[in-house]
Amino acid sequence: MTDRVPALLEALDSSGDAALKGACGEQPMLHRPDSLRPKKRPLVKNAILARISLEGLAAIGECLEPIVLKERMVLQEPKRNVEHVYFIESGLVSLRVVAAGSMLETAVIGYRGVVGASFLWGGHFSTYQSVVLFPGSAHRIRVEELRRLIKERPEIREHLFDYVQALTFQCVQTGLCGVRHDREQRLASWLCLASDAVDAGVLPVTHDYLSSVLGLRRAGVTQTLSRFEEQGLIRKMRGVLQINGHKCLEQRACCCYKLISGAYASSQSAIPAKERLG
């Protein structure tokens, strides 16, 4: 099974050379431990994998498979069996509710999270449509393998639950935001959240896309973005938005941005149950 990520944790040598080339180009890979070398954490950008212990990472690494995320790739469809869970390394995935020919984006998922976590509640079907918005990479695992692992290693379940709580909060808060806040606030909030999710200031997104996912008129989106550009907050280019003043853009965003960011920050700093009880 050469396309699988092997059992994780070949410790980095003392020279600090860490770049390991995977099957899909330059990307962090997880390798077998070497008892003769000091153990160091492998290079994984996904925030959930990065918080798992070396032993837990070794166990889950046996089942992870690297995958390239291509733009518009559909990872999951609503009312379909959930077969894989995707630990996002780079890129951005749009989580959407689709009904009667209409679409509403409820969250964006980047390197801090996973796609397909509904199985944690015992569900077999996806509630959302998950579509790659910005291309990138991920590690995926079959649901049945992850079910087995979270039974054997509670820490993996704890980290997943902490993240899912933040994701659920974002989905609920996004619904409230859509009916309570104005166009400028919502646009600023989306840009800040997307920038945080990919840890970058350049977003390959169009006015049409922002109009559709936020349920706003395209002319209004263009007008607001032009105003942001005049104020030096962003720079518009063909098919790309560059954020120049993240802090100032945060001030234009509604309270939802800080609430959602706070939820994710809390999930990443949460103490595992064993330590809380200990």
Trainee: Can you confirm whether more than 12 heavy atoms, excluding those of K236, are under 6.0 Å from its NZ atom?
Mentor: yes
Trainee: Sequence neighbours left out, what passes side-chain hydrogen bond (donor to acceptor under 3.5 Å, both in side chains) with Y86? Give chain and number order.
Mentor: none
Trainee: Are L191 and L193 grouped together when hydrophobic residues (ILVMFWY) are joined by side-chain heavy atoms under 4.5 angstrom apart?
Mentor: no
Trainee: With sequence neighbours excluded, what pairs up with R227 under the salt bridge (charged side-chain N to carboxylate O under 4.0 Å, His left out) test?
Mentor: E184
Trainee: Restricting to side-chain hydrogen bond (donor to acceptor under 3.5 Å, both in side chains), what partner residues turn up for Y128, sequence neighbours left out?
Mentor: none
Trainee: May I ask you to test the V114-I109 pair for a side-chain heavy-atom distance under 4.5 Å?
Mentor: no
Trainee: Which atoms form the tightest heavy-atom contact between Q76 and H84, and what is the distance?
Mentor: NE2-O, 3.2 Å
Trainee: To the nearest 0.5 Å, what is the distance between CD1 on I48 and CD1 on I156?
Mentor: 11.0 Å
Trainee: side-chain contact (heavy atoms from CB on, under 4.5 Å) with L259: which residues, sequence neighbours excluded?
Mentor: F169, Q173, C255
Trainee: Starting from the C-alpha separation in whole Å, work towards a yes-or-no answer on side chain to side chain contact (heavy atoms under 4.5 Å, CB included) for V205 and W190.
Mentor: CA-CA 11 Å; V205 65; W190 191 95; 4.1 Å; yes
Trainee: Closest approach of K45 and E89, non-hydrogen atoms and distance?
Mentor: N-OE1, 3.1 Å
Trainee: Among all residues two or more places apart in sequence or in another chain, which pass the salt bridge (charged side-chain N to carboxylate O under 4.0 Å, His left out) test with E152?
Mentor: R148
Trainee: Can you see which heavy atom on V108 is nearest to which on Q170, and at what distance?
Mentor: N-NE2, 3.6 Å
Trainee: Go through the structure and list residues passing side-chain contact (heavy atoms from CB on, under 4.5 Å) with S90, not counting sequence neighbours.
Mentor: S137
Trainee: Does the side chain of E55 come within less than 4.5 Å of R153's, by heavy atoms?
Mentor: yes
Trainee: How close do R183 and L216 get, heavy atom to heavy atom, and via which atoms?
Mentor: CG-CD1, 3.6 Å
Trainee: Could you identify which residues cluster with M237, counting Ile, Leu, Val, Met, Phe, Trp and Tyr as linked when any side-chain heavy atoms lie under 4.5 Å apart, either directly or through a chain of such contacts?
Mentor: V202, V240
Trainee: Looking only at heavy atoms, which two atoms of G239 and T206 are closest? And how far apart?
Mentor: CA-CG2, 4.2 Å
Trainee: Hey, could you give me the CD1/SG distance between I260 and C192, rounded to the nearest 0.5 Å?
Mentor: 11.0 Å
Trainee: Find out if a path of hydrophobic residues (ILVMFWY) with successive side-chain heavy-atom gaps under 4.5 Å connects V164 to V82.
Mentor: yes
Trainee: Hydrophobic clusters here meaning ILVMFWY residues chained together by side-chain heavy-atom distances under 4.5 Å, can you tell me if L214 and L95 are in one?
Mentor: no
Trainee: With sequence neighbours left out, write down each residue that passes side-chain contact (heavy atoms from CB on, under 4.5 Å) with Q185, or none if nothing qualifies.
Mentor: H181, D182, C254
Trainee: Checking R218 now: which residues fulfil side-chain hydrogen bond (donor to acceptor under 3.5 Å, both in side chains) with it, not counting sequence neighbours?
Mentor: D208, T222
Trainee: Just verifying a value: how many Å separate R157 CZ and L149 CG, rounded to the nearest 0.5 Å?
Mentor: 12.0 Å
Trainee: To check you understand the geometry: which heavy-atom pair defines the closest contact between I243 and S195, and what is its length?
Mentor: CD1-CB, 3.7 Å
Trainee: Using the rule that Ile, Leu, Val, Met, Phe, Trp and Tyr join whenever any side-chain heavy atoms are under 4.5 Å apart, tell me whether I67 and F134 fall into a single cluster.
Mentor: no
Trainee: Looking at CD of E250 and OG of S189, how far apart are the two atoms once the value is rounded to the nearest 0.5 Å?
Mentor: 10.0 Å
Trainee: Is it the case that one hydrophobic cluster holds both V143 and I52, taking links as side-chain heavy atoms less than 4.5 Å apart, direct or via other members?
Mentor: yes
Trainee: For the CZ atom of R186 and the OG1 atom of T174, what is their distance to the nearest 0.5 Å?
Mentor: 9.0 Å
Trainee: Just how far is it from atom CG of N244 to atom CG of L241, taken to the nearest 0.5 Å?
Mentor: 10.5 Å
Trainee: In chain order, what residues pass the salt bridge (charged side-chain N to carboxylate O under 4.0 Å, His left out) check against E71, with sequence neighbours excluded?
Mentor: none
Trainee: Can you check whether A47's main-chain N or O pairs, donor with acceptor, with Q268's side chain at less than 3.5 Å?
Mentor: no
Trainee: Please list, chain by chain and in numerical order, all residues satisfying side-chain contact (heavy atoms from CB on, under 4.5 Å) with K70, sequence neighbours excluded.
Mentor: V68, M73
Trainee: Just so I know, are the side chains of V85 and L160 near enough to count as touching, which here means a heavy-atom distance under 4.5 Å?
Mentor: no
Trainee: Measure the shortest side-chain to side-chain distance between N46 and H139 over non-hydrogen atoms and say whether it is less than 4.5 angstrom.
Mentor: no
Trainee: Tell me, do Q165 and S267 make a side-chain contact under 4.5 Å, heavy atoms counted?
Mentor: no
Trainee: Any side-chain heavy atom of L92 within less than 4.5 Å of one from L69?
Mentor: no
Trainee: Can you confirm whether L49 sits close enough to L64 that some side-chain heavy atom of one is under 4.5 Å from a side-chain heavy atom of the other?
Mentor: yes
Trainee: Apply side-chain hydrogen bond (donor to acceptor under 3.5 Å, both in side chains) to S94 and list each qualifying residue two or more places apart in sequence or on a separate chain.
Mentor: R96, E105, Y209
Trainee: Within the side chain of T106, is there an N or O that forms a donor-acceptor pair under 3.5 Å with the backbone of C171?
Mentor: no
Trainee: Please determine which of Y111, Y264, Y257 meets the side-chain hydrogen bond (donor to acceptor under 3.5 Å, both in side chains) test together with D196.
Mentor: Y257
Trainee: Can you tell if the side chain of E229 reaches within under 4.5 Å of the side chain of R235, non-hydrogen atoms only?
Mentor: yes
